[in-house]
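Data first, discussion second: the structure below is written as structure tokens.
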Amino acid sequence: MSGQTTTALAPAVWALARREFVRFIRQPQRVIGSLGQPLLFWVFLGAGFTPSFNPPGMEGMTYLEYFYPGVLMMMILFASIFSTITVIEDRDQGFLQGVLVAPVPRMAIVLGKVFGGASIALFQAFILLIAAPFLDTPLPLASLPLLVAAMVLTAVGYTALGFSIAWSMRSTAGFHAIMMVFLMPLWLLSGALFPVAGAPMWLQVVMAINPVAHAMTLLRGPFYATPAELLTTPAYLTGLAVVVVWVALGLWVSAVRVGAREKGAATA
Amino acid sequence: MIIIRNLTHVYAGTRRQKARTALHDLTLEIPERSFCILSGPNGSGKSTLFRILCGLATPTGGSVTVGGHDLFAEPAAVRRLMGVVFQSPAVDKQLSIIENLRLHAELHGLRGAAFQERADEALAWTDIKARLGDRVDTLSGGLARQVELAKCLLTRPTVLLLDEPTTGLDPASRRAFLGALHRLQRERAMTVLMTSHVFSEAEDADSVAIMQDGRLLAHDTPAALKAQLGQEVVVVRPRSPAVMLDALRRDFDRPVLVHGDELRIEDVPPAEAVVLVEQILTRYRGDVLSIAIKQPDLDDVFVHVTGRTGAVPQTTPKDQKPEDFKPEDQEMRA
């Protein structure tokens, strides 16, 4: 037995993340559901809104095309957040307590779940990415790495956020409620569905402080610009900074929550 | 070895519920390589103590040392020594047996050949060797328990904690599990602390600790505990415990204990027990539902120990909830 008291971070993270992915693949209905929903959204909304979609400065763009990065975002959001529901199930079924009493760094418990969940989300998003070359404005190949980086960052950010919310929740029903009133609006007001430019003033303010809107900038940018252009655009760089801070904050809060042990109250 | 000193745990009150003290200044020592059963009625604080011992909660006050490490200052060091079997199995039911074992091993930094060797060793005593590729949710309750225990043994723990591991098992699986557990404890020289509310499970243990209302009432070998009760016990189940209690106390010059709807007269010499039963039946035949003479077993020890501190209630004992501390109790112990 090794002399250290805790197991190294990486092997523990790998073991836990692998478990997440294996569980996902073994539930075909989860795979079908998470792939099918955004795809249907995209095709139906895209086809339905295209005739009436004519925002200033975007002449000639079909809604199907405008909505594509939004659907990517939606897929990553839903798959990432839903994958953290398993935190509640793990606790409920007893698996989690077994991990908590193992000599692993608390951050490994967070990263195992976060990377596992993010990889599930990315697995689905990459399948949708196959459609990218067939859009009216194809994705410039040079920008692909930036797009992938944006997807990875967003997926990790969402799963970390989902993890920190799910950690103290005791029922999946409660988690769904939070999801609908908190996370869904974040996506609706991110510029995924409609552009910021045409929105009323108050909505523009909300969208400016919404971190998901900044992630949307990262995700949409690579479709229309080269890396050189993007990396000199202030909006893109601001978005990048916001998302990086979001990821770091999410992971840190999660690790603090996992590390906190239930404490006895002061003597009555 | 596990040393628990002056452990107190208070659950904070909420608007609807008053703060509740689950552990009162509990001190308990479990010597190295011994098998200790921790017993007590529901709500006695066993589960709270268990959660603290496995590091999931920190107490209001007191200290715990496991294998020389302070549990609260060096939790990681203690986690490395310890194996924990929870009441609800901490296995992933959607993974196969071998996947569960591998995952647990990796969390402890064991991989490759080292894992294989440990897995063979940990599985040697089980009945699941032929089903390693099966998902855990296809196993019976007894076999799932074996997976859980095998998983814990992988890391060669020196201290093993088990929380009511036989809950939900049929009697045959229960016996098989306990038999294996006792054998493994001896072979591997582990210190074992197991909570249980089934007292028949405690007969083979090195020591039995009995808790009630967050306090330790007794901790001794099963033989010594049974010796406290002396010779034989006469157990009467009357129609009306209150009326019969008065009658027995008046008629016979012996202490009578109340436990639930039973009255107990302990430490009766064998020759007198039959006579006593005869006398009770002659006088109160109509009021007695059943009457028996028993050799004291650990169930009786439990009744004796917990009944004595419960300050014999004069009415039906239904109103005696674990949360209710009678002032005279506290003084008795002070």
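Below, all heavy atoms of this structure are taken into account, side chains as well, without hydrogens, waters or symmetry copies.
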Between the side chain of A/Arg26 and the main-chain N/O of B/Gln94, is any donor-acceptor distance below 3.5 Å?
->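 Indeed, once roles are kept as given, a pair shorter than 3.5 Å links the two residues.
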Within the distance-only criterion (no hydrogens, no angle test), does the side chain of B/Ser88 pair as donor or acceptor with the backbone N or O of A/Gln93 below 3.5 angstrom?
-> no
Could you tell me which non-hydrogen atom of [X] sits nearest to which non-hydrogen atom of [Y], and how far apart they are?
X	Y	value
A/Ala15	B/Glu106	CB-OE1, 2.9 Å
A/Pro103	B/His108	CD-CE1, 3.1 Å
A/Arg261	B/Gly55	CD-O, 2.8 Å

side-chain contact (heavy atoms from CB on, under 4.5 Å) with B/Leu107: of A/Thr7, A/Leu16, A/Val101, only one passes, and it is A/Leu16
Between B/Arg80 and A/Thr6, do the side chains contain an N or O donor and an N or O acceptor separated by less than 3.5 Å?
-> no
Between A/Arg91 and chain B, which part of the residue has a heavy atom less than 4.5 Å away: side chain, backbone, both or neither?
->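 When you check distances to chain B, no heavy atom of A/Arg91 falls under 4.5 Å.
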If you round to the nearest 0.5 Å, how far is CD of A/Glu262 from CG of B/Leu56?
-> 8.5 Å
What residue, out of A/Gly112, A/Ala12, A/Gly94, A/Gly98, has the most heavy-atom pairs lying under 4.5 Å from chain B?
->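 If we count pairs closer than 4.5 Å to chain B, A/Gly94 comes out on top.
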Please tell me if the side chains of A/Gln97 and B/Cys54 come closer than 4.5 Å, counting only heavy atoms from C-beta onward.
-> no
Contacts of type side-chain hydrogen bond (donor to acceptor under 3.5 Å, both in side chains), residue B/Arg5, not counting sequence neighbours | B/Glu29
Does [X] have more than 12 heavy atoms from other residues, nucleotides or ligands lying within 6.0 Å of its [atom1]?
X	atom1	answer
A/Trp14	CH2	no
A/Arg30	CZ	yes
B/Gln17	CD	no

Under a 4.5 Å heavy-atom cut-off, does chain A meet the side chain of B/Glu148, its backbone, both or neither?
->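 Neither the backbone nor the side chain of B/Glu148 comes within 4.5 Å of chain A.
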Proximal component of B/Val84, with respect to chain A [non-hydrogen, under 4.5 Å] |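 Looking at B/Val84, just its side chain touches chain A.
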Carefully, step by step, assess B/Leu103 and A/Phe95 under the rule side chain to side chain contact (heavy atoms under 4.5 Å, CB included).
-> CA-CA 11 Å; B/Leu103 175 59; A/Phe95 177 80; 3.5 Å; yes
Using a cut-off of under 4.5 Å for heavy-atom pairs, which of B/Glu99, B/His69, B/Lys18, B/Gln87 has the most such pairs with chain A?
-> B/Glu99
